[in-house]
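Structure first, then comments.
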Amino acid sequence: MFPGGYVRGKHLLLNMQGDYPFTLQRGSVVDLLGSMSSYNHDLRGHAERVCGLCMPLALRMGLAGKRLLYLELAALLHDVGKLDVPPHILDKPGILSLEETLLVQDHSLRGEQTLRSVSMPERICRTVRTHHERFDGKGYPDGLAGEEIPLEARIVQVADAYDAMTEDRPYRAAMPPEVARCWIEGLSGAYFDPEVVDCFLRAEAV
Ligand SMILES: [Fe+2]
């Protein structure tokens with residue numbers, strides 16, 4: 001489908017000409033990405049970087065065709081539910097209160113609802129809902145474990161964590177990439193699917 005590999009920032013779906021191979025509310029996607037750009041200084045940037053990490057990883061994990069296109073959108077929109085979290089909470093430099101934490105954690109469900117409201121394909125909605133599950137079953141919102149979590153979400157989890165670790169946050173400075181890779185490796189099997197981690201680390205080490 002893309003002989004030259006995936007080019008970061010050149011989104012497959014949004015650049016496709018002619019008929020989509022499935023129903024997609026393209027206008028809704030563009031609107032949502034626009035809202036993310038203006039809502040929070042890094043919501044869109046984080047989404048783009050996560051997408052850029054996910055796509056080559058997904059190719060190496062054997063995803064192809066429609067599943068790959070769906071993953072691209074899911075990665076771009078994985079945090080769209082944060083549009084429902086007040087900006088002062090997203091940018092809070094200190095520790096969040098319990099109420100604030102629950103509000104932030106609710107973004108995976110809110111994101112799923114947003115995408116369902118614009119008739120996004122089921123696989124994309126499901127990936128967004130499950131992107132904060134953990135491989136050991138201690139994540140949210142449903143406490144799914146292992147392969148109960150869609151592969152697409154297991155891929156987004158690793159890319160999401162790596163980008164979060166290697167970028168500055170209001171409450172901490174960015175980690176060097178090699179330190180982030182150590183963290184990802186250390187959390188393999190607990191937070192992350194070991195197969196996805198192996199694939200990610202092998203490629204990132206090149
Ligand atoms: Fe998230």
Side-chain angles (χ1 to χ4, degrees), residues 11 29 32-55 57-58 70-93 95-118 120-145 148-172 174-175 180 183-184 187 190-193 196-197 200:
H11 302 306
V29 174
L32 288 171
L33 290 173
S35 299
M36 289 166 69
S37 295
S38 53
Y39 190 73
N40 174 273
H41 67 94
D42 199 38
L43 205 47
R44 174 76 179 266
H46 168 69
E48 298 276 359
R49 292 191 301 272
V50 168
C51 184
L53 290 165
C54 276
M55 296 302 279
L57 178 54
Y70 284 166
L71 175 63
E72 179 179 57
L73 269 192
L76 280 173
L77 296 170
H78 73 281
D79 274 344
V80 72
K82 287 188 177 172
L83 292 173
D84 292 330
V85 181
H88 72 274
I89 296 180
L90 293 181
D91 287 332
K92 186 171 176 177
I95 294 171
L96 299 182
S97 68
L98 178 60
E99 191 182 352
E100 289 166 339
T101 300
L102 293 175
L103 197 55
V104 171
Q105 288 187 347
D106 207 33
H107 79 276
S108 47
L109 288 176
R110 300 261 189 164
E112 179 198 21
Q113 287 163 6
T114 297
L115 298 184
R116 287 195 188 286
S117 74
V118 294
M120 204 65 80
E122 172 65 24
R123 197 180 283 275
I124 299 176
C125 299
R126 184 105 188 106
T127 301
V128 170
R129 179 186 179 100
T130 55
H131 81 275
H132 281 290
E133 299 290 354
R134 284 176 40 163
F135 200 71
D136 62 6
K138 295 179 181 172
Y140 62 87
D142 301 312
L144 302 180
E148 291 175 332
I149 306 166
L151 175 59
E152 287 84 344
R154 284 179 268 142
I155 290 171
V156 171
Q157 286 159 6
V158 172
D160 187 17
Y162 181 80
D163 183 70
M165 289 175 189
T166 53
E167 291 290 319
D168 286 326
R169 284 287 181 272
Y171 45 87
R172 59 149 177 79
M175 287 180 192
W183 272 98
I184 298 277
L187 294 170
Y191 277 73
F192 309 122
D193 178 343
V196 178
V197 170
F200 178 76

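Just so you know, these numbers come straight off a predicted model, no measurement behind them. Just follow the structure's listing: the first ligand is 1, and inside any ligand the first atom is 1.
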### Task
Applying salt bridge (charged side-chain N to carboxylate O under 4.0 Å, His left out), name anything that partners Arg129, two or more places apart in sequence or on another chain.
Glu112, Asp142
### Residues which pass side-chain hydrogen bond (donor to acceptor under 3.5 Å, both in side chains) with Asp136, listed by chain and number, not counting sequence neighbours
Arg134
### Query
Ignoring hydrogens and geometry, is there a side-chain-to-backbone donor-acceptor pair from Asp163 to Val50 under 3.5 Å?
no
### Test item: Glu148 side-chain N/O and Ala145 main-chain N/O as donor-acceptor pair under 3.5 Å
yes
### Query
How would you list, by chain and number, every residue that makes a ring pair (Phe, Tyr, Trp, His ring centres under 6.0 Å) with His107, sequence neighbours excluded?
His131, His132
### Task
Take atom CD of Glu99 as the centre, draw a 6.0 Å sphere, and report whether it contains more than 12 heavy atoms from other residues, nucleotides or ligands.
no
### the Fe ion (ligand 1): protein N, O or S atoms that are less than 2.8 Å away, sorted by chain
Asp79 OD1, His107 NE2, His131 NE2, His132 NE2
